[in-house]
Amino acid sequence: MDEIFKQQVWEITKLVPKGRVTSYGAIAKAVGYPNHSRHVGKAMGGCPEGVPAHRVISSSGSLSVPEFQIKLENEGIIIENFKVKNFKKLFWDPLLEL
DNA sequence: GCCCTGACTTTTT
DNA sequence: GAAAAAGCCAGGG
């Protein structure tokens with residue numbers, strides 16, 4: 001994947017409002033790669049400080065990284081059994097902001 | 001250029 | 001609604 005791709009992914013991720021979440025697929029679309037949701041995840045693996053990667057989860061509302069539960073709860077997001085409660089309400093689509 | 005892998009998604013049971 | 005399978009594309013060996 002190109003560095004540009006990562007950069008864009010991180011930019012979008014940083015735009016996610018506090019207390020909200022989004023999905024890999026949504027970000028993938030936002031950066032212009034609708035079917036590269038996986039690579040969004042890979043880009044997250046090398047995300048720098050200041051990027052709220054914990055707000056990026058799968059489209060089902062389940063946490064890819066259980067560890068993020070703490071941070072999410074800290075932002076006011078309710079986690080239940082490794083899944084985001086009220087996911088539909090908390091879901092933030094990057095495309096709406098572009 | 002083939003094969004495996006991946007913080008995924010969608011469809012089908 | 002949860003679990004399994006198929007689909008998707010780019011990178012690395």
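Each chain gets a letter, A, B and so on, in the order its sequence line appears, and its residues count up from 1.
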Chemist: Is any NZ, NE, NH1 or NH2 atom of the basic residue among A/E3 and A/K6 found under 4.0 Å from an Asp or Glu carboxylate oxygen of the other?
Modeler: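 Looking at A/K6 together with A/E3, the answer is yes, because their closest N to O distance falls below 4.0 Å.
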Chemist: Quickly, which of A/S37, A/S59, A/S64 forms a side chain to side chain donor-acceptor pair (under 3.5 Å) with A/Y24? Name it, please.
Modeler: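 It is A/S64, the one option of A/S37, A/S59, A/S64 that forms the side chain to side chain donor-acceptor pair (under 3.5 Å) with A/Y24.
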Chemist: Roughly how far apart, to the nearest Å, are C/dG13 and B/dA7 at atom C1'?
Modeler: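 Between the two C1' atoms, the distance is 23 Å.
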Chemist: Using 0.5 Å steps for rounding, measure from the CE atom of A/M44 to the OG1 atom of A/T13.
Modeler: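 It is 3.0 Å, given to the nearest 0.5 Å.
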Chemist: How close or far is atom P of B/dC4 from atom NZ of A/K42, stated in whole angstroms?
Modeler: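 So the NZ-P distance, A/K42 to B/dC4, works out to 15 Å.
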Chemist: Atom CZ of A/R38 to atom P of B/dT9: distance rounded to whole Å?
Modeler: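 Checked: the CZ to P distance equals 10 Å.
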Chemist: Specify the separation, in whole Å, of atom CD1 of A/I4 and atom C1' of C/dG11.
Modeler: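 Nearest whole value for this atom pair: 17 Å.
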Chemist: What is the distance from CG of A/L72 to C1' of B/dA7, rounded to the nearest Å?
Modeler: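 That distance rounds to 13 Å.
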Chemist: Is A/R20 salt-bridged to A/E75, cutoff N-O under 4.0 Å?
Modeler: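 A/E75 and A/R20: not salt-bridged.
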Chemist: Between C/dG11 and A/H39, counting only base atoms on the nucleotide and side-chain atoms on the residue, is there a donor-acceptor pair under 3.5 Å?
Modeler: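 In this structure, the two groups form no donor-acceptor pair.
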Chemist: To the nearest Å, how far apart are A/I12 CD1 and B/dA7 C1'?
Modeler: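 Rounded to the whole Å, the gap is 18 Å.
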Chemist: Can you tell me if A/H36 touches the phosphate of C/dA10, counting only side-chain N or O atoms and a distance under 4.0 Å to OP1 or OP2?
Modeler: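 Yes, because at least one side-chain N or O of A/H36 sits under 4.0 Å from OP1 or OP2 of C/dA10.
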Chemist: How many Å lie between CG on A/N35 and C1' on C/dC8, as a whole number?
Modeler: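 From A/N35 CG to C/dC8 C1': 6 Å.
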Chemist: Base, sugar-phosphate, or nothing for A/F5, non-hydrogen atoms under 4.0 angstrom?
Modeler: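 Nothing, no nucleic acid heavy atom in range.
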Chemist: Nearest-Å distance, NZ (A/K29) to P (B/dT10)?
Modeler: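 Value for this atom pair: 7 Å.
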Chemist: Name the nucleic acid region contacted by A/A53, choosing base, sugar-phosphate or nothing; use a 4.0 angstrom heavy-atom cut-off, strictly under.
Modeler: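 Answer is base: heavy atoms of A/A53 come under 4.0 Å of a base.
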Chemist: Which part of the nucleic acid does A/G25 contact within heavy-atom distance under 4.0 Å: base, sugar-phosphate only, or nothing?
Modeler: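 If one applies the 4.0 Å heavy-atom cut-off, A/G25 turns out to touch the sugar-phosphate alone, with no base involved.
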Chemist: Rounded to whole Å, please give me the gap between CZ in A/F82 and C1' in C/dG1.
Modeler: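 A/F82 atom CZ is separated from C/dG1 atom C1' by 18 Å.
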Chemist: Counting only side-chain nitrogens and oxygens, does A/S59 get under 4.0 Å of the OP1 or OP2 atom of B/dT9?
Modeler: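 Checking A/S59 against B/dT9: at least one side-chain N or O falls below 4.0 Å of OP1 or OP2.
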Chemist: Would you say A/S64 places a side-chain N or O within less than 4.0 Å of OP1 or OP2 belonging to B/dC8?
Modeler: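 Yes, within the criterion.
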Chemist: Using 0.5 Å steps for rounding, measure from the CD1 atom of A/I27 to the OH atom of A/Y33.
Modeler: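 The distance works out to 15.0 Å.
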